[in-house]
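To start, the structure under review is shown below, and the notes come after it.
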Amino acid sequence: DRLFNTLVLSYARAGLLQQSLKTFHKMKEFGVPRSVFSYNTVFSILLRRGRTQMVSKLYHDMRLTDRITPDVYTFNILIRGFCLNSMVDEGFRFFKEMSRFRCCPDVVTYNTLVDGLCRAGKVRIAHNLLKGMRTKSPDLSPNVVTYTTLIRGYCEKQLVSEALDVFKEMGSRGVKPNPITYNTLIQGLCEARELDKIKEILQGVHDNGEFRPDTCTFNTLMTTHCNAGKLDEAMKMFDKMSELKVEPDSATYSILIRSLCQEGNFERAEELFDELEEKKILRRKEGCVPLVAGYNPIFEYLCAGGKTVKAERVFRQLLKRGTQDPPTFKTLILGHCKEDTLREGHEILVLMLRRDFVPDMETYDSLIEGFLRKREPGFAHNTLEKMLRSGHLPK
RNA sequence: CGCUUCAUUAUACUA
């Protein structure tokens with residue numbers, strides 16, 4: 001059971017959803033009964049991809065076919081999943097259903113609901129829910145996550161002073177803010193253009209050593225500067241990071257590279273891109289999960305300028321850990337076509353198909369035309385067949 | 001008991 005769960009999860013994390021589901025369905029064939037764990041795992045995977053209808057179906061299978069009793073985890077996963085897919089009411093339905101299974105909501109349950117309400121823009125209701133938590137039981141007292149969630153809720157509604165009130169309130173109730181709380185607040189203040197307030201707060205916590213700006217803090221501030229067209233300020237912050245020995249991560253580089261590309265400073269962008277590869281930033285486990293799409297501008301520049309090989313090196317690093325983005329595959333494939341390195345392009349096509357992405361007509365056309373031009377009818381034919389399987393009709 | 005669940009920063013899509 002455990003082996004299967006790990007497998008199911010790893011496939012999903014690698015972006016191979018079909019493989020992951022296949023594994024889940026094969027459990028029975030191997031004589032391994034599905035457990036709450038396996039259902040929970042698969043629910044969480046599907047909901048992350050927005051497959052709510054499939055989850056509802058499986059939930060029935062779970063109860064009626066396999067006769068498995070859901071646990072708190074199950075409900076937390078379901079509530080979160082439906083809330084995130086803008087079905088907050090459905091989330092509350094599951095919340096009410098918990099009692100039928102003698103299942104007690106925990107802090108995570110409430111936090112999830114608070115989050116769902118905030119994302120739906122119902123901050124006041126969320127705030128009331130938080131107040132209600134205190135009266136229920138000591139185990140259900142709002143914790144740092146609850147408060148941070150609410151702070152973000154207020155910030156998103158541009159209600160900065162309410163956010164600051166919540167921040168003060170948590171302090172007075174003895175809940176210590178953590179780095180995420182500070183970063184949330186800073187993000188909110190950035191959006192409200194209250195940069196002075198940020199300085200004030202950072203100064204205050206710096207003096208008593210409660211919070212040191214981390215990678216995320218810098219990324220937030222650099223993004224704000226970039227969006228305000230102050231790339232030079234952002235670059236200064238980047239220098240300051242190394243001064244303070246705060247490690248940059250993938251987000252740091254994609255922010256700067258992107259802005260440099262937008263300004264047309266491709267040389268500097270490429271330098272940072274090289275640094276990204278040299279420092280093996282993308283191989284590190286710590287830091288954020290790299291976002292492939294964040295590098296699209298530089299990929300486009302490189303692939304248009306005969307440097308597809310360099311782009312592909314980084315792209316392959318990103319494939320291992322990053323979240324996937326179909327258009328990036330296309331950029332690389334077209335780059336290879338342009339450089340007549342068609343087999344490499346074809347390899348990327350295969351990678352794409354393995355991830356269930358559907359290449360578009362233009363992608364197929366360029367490859368097939370390229371193969372014909374280079375007198376490789378075998379490959380051309382092979383690619384054509386893939387195209388038909390993708391549901392494209394040849395012109 | 002372990003594997004599954006909650007809050008912060010970077011992309012595009014969508015609006």
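Lettering follows sequence order; numbering is per chain, from 1. Everything quoted here is computed from the prediction, not taken from an experiment.
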Does B:rC6 have OP1 or OP2 under 4.0 Å away from a side-chain N or O of A:R80? yes
Closest to the side chain of A:I180, out of B:rU4, B:rU8, B:rA12, is B:rU8
B:rU4, B:rA7, B:rA10: which one has an atom nearest the side-chain heavy atoms of A:I77? B:rU4
In terms of ring plane angle, is the pair A:Y182 and A:F211 parallel, tilted or perpendicular, where the classes change at 30° and 60°? parallel
Test for a donor-acceptor pair under 3.5 Å between the base of B:rA10 and the side chain of A:S254, counting only N and O atoms. yes
Any A:R152 side-chain N or O less than 4.0 Å from OP1/OP2 of B:rU8: yes
For A:E162, is there an ion pair with A:K157 - N to carboxylate O distance below 4.0 angstrom? no
Between A:Y182 and B:rU8, do the rings stack, that is, sit under 5.5 Å apart with planes less than 30° off each other? no
Under 4.0 Å between a side-chain N or O of A:R2 and OP1 or OP2 of B:rU4? no
Hey, does A:V8 reach any base, or is it just sugar-phosphate, or nothing, if we go heavy atoms under 4.0 Å? nothing
Counting only side-chain heavy atoms from C-beta out, which of B:rA12, B:rA7, B:rU8 sits nearest to A:T184? B:rU8
Check every strand shown and say whether A:C226 touches a base, only sugar-phosphate, or nothing at a heavy-atom separation below 4.0 Å. nothing
Ignoring the backbone of A:Q187, work out which of B:rA7, B:rU8, B:rU4 is nearest its side chain. B:rU8
In whole Å, I'd like the distance from the CG atom of A:L260 to the C1' atom of B:rA10. 14 Å
Could you walk me through whether A:D340 and A:K374 pass the salt bridge (charged side-chain N to carboxylate O under 4.0 Å, His left out) test, one step at a time? CA-CA 8 Å; A:D340 267 342; A:K374 286 194 87 182; 5.5 Å; no
In plain terms, say whether A:D115 and A:R152 are close enough for a salt bridge, that is, a side-chain N and a carboxylate O under 4.0 Å apart. yes
Of the options B:rU9, B:rC6, B:rU4, whose atoms approach the side-chain atoms of A:R13 most closely? B:rU4
Is A:S259 reaching over with its side chain to a backbone N or O of A:L256, donor-acceptor style, under 3.5 angstrom? no
So, under a plain 3.5 Å distance rule, would you say the side chain of A:D249 forms a donor-acceptor pair with the base of B:rA10? no
